[in-house]
> 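Quick one: this structure, given as structure tokens, is what I'll be asking you about.
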Amino acid sequence: MLALDRLIAEFDRALRTVSNIAEASRVSPAEALAEAELNEHDRRHAAALMRVNHVGEVCAQALYQGQSLTARDAHARQALERAAREEEDHLAWSAQRIEELGGRPSLLNPIWYAGSFAMGVAAGALGDKWNLAFLAETERQVEEHLAGHLGKLPEADAKTRTLVDSMRADEARHRETAIRLGAADMPRPVRTAMRFAARVMTTVAYRV
Ligand SMILES: [Fe+2]
Ligand SMILES: [Fe+2]
């Protein structure tokens, strides 16, 4: 029965993620800032970049979910649940920002979710230290990616920029948590494969 409850809870979380129903537990860091006057091109560009970031957060939900199903160590599990809650904030914040910019989330979110979930479970099957290695490397790449977006977002769009920068700071902490909990060093070929997969995802998500 317990396993069934768990399965239902996880399925519910998957459905909420892909159908764009996420609730933030913290106020968005962009909330207090005024909306900038953006031209059509800049607004669309910012919305597309936020769609990419939102896909990243959908993938994070799936990864942390896969992780929570396979993590063996109770202490690690607690720390990772805290990070997962912050990821849910990111998910809700980026969805809200896409809407404010007049964009829409990726149509392929169920596919991104399923792919990441499968990878999370596969990493989990290899044991905690590889599971954590996968998580740490993902967080590192997301962090770099968000830093890259700060160079691409319109200068005037303080709301989106503040949001992205604050998410970047959270991701850095998540990476440190995974390392502190005993993440193995990810072999270079795996890192390269992950980078390649991320590039495909970001390129497609910018458009679709
Ligand atoms: Fe995140
Ligand atoms: Fe993160």
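If you read the sequence from its start, that first residue is 1, and numbering goes on from there.
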> Could you walk me through whether Glu87 and Arg82 pass salt bridge (charged side-chain N to carboxylate O under 4.0 Å, His left out), step by step?
CA-CA 9 Å; Glu87 299 296 5; Arg82 199 162 39 237; over 6 Å; no

> With under 30° as parallel and over 60° as perpendicular, where do the rings of His90 and Trp93 fit, or are they tilted in between?
tilted

> Test salt bridge (charged side-chain N to carboxylate O under 4.0 Å, His left out) on Glu137 and Arg140; report intermediate values, then the result.
CA-CA 5 Å; Glu137 180 61 20; Arg140 194 167 69 87; 3.1 Å; yes

> Which heavy atom of Gln61 sits nearest to which heavy atom of Ala84, and what is that distance?
NE2-O, 3.9 Å

> Return the minimal non-hydrogen interatomic distance between Ala136 and Arg175, and the atom names on each side.
O-CG, 3.7 Å

> Work out which heavy atom in Asn109 is nearest to a heavy atom in Pro105; give both atom names and the distance.
ND2-CB, 4.0 Å

> Return the set of residues passing salt bridge (Lys or Arg N to Asp or Glu O under 4.0 Å) with Arg44 (not counting sequence neighbours), or none when no residue passes.
Glu40

> Report, as yes or no, whether the 6.0 Å neighbourhood of atom CD on Glu81 holds more than 12 heavy atoms from other residues, nucleotides or ligands.
yes

> Considering non-hydrogen atoms only, spot the tightest contact between Ile98 and Ala47 and give its length.
CG1-O, 4.4 Å

> Take Glu171 and His174, measure what side chain to side chain donor-acceptor pair (under 3.5 Å) needs, and give me the verdict at the end.
CA-CA 5 Å; Glu171 313 304 11; His174 298 163; 3.2 Å; yes

> Between Leu132 and Ala178, which heavy-atom pair has the shortest distance, and what is it?
O-CB, 3.8 Å

> Flag the pair Phe134 / Lys129 as yes when at least one side-chain heavy-atom distance between them is below 4.5 Å, and no otherwise.
no

> Please report the C-alpha distance between Arg97 and Asp157 in whole Å, then the side-chain angles of each, then the deciding distance to 0.1 Å, and finally whether the salt bridge (charged side-chain N to carboxylate O under 4.0 Å, His left out) criterion is met.
CA-CA 11 Å; Arg97 191 60 196 140; Asp157 190 358; 3.1 Å; yes

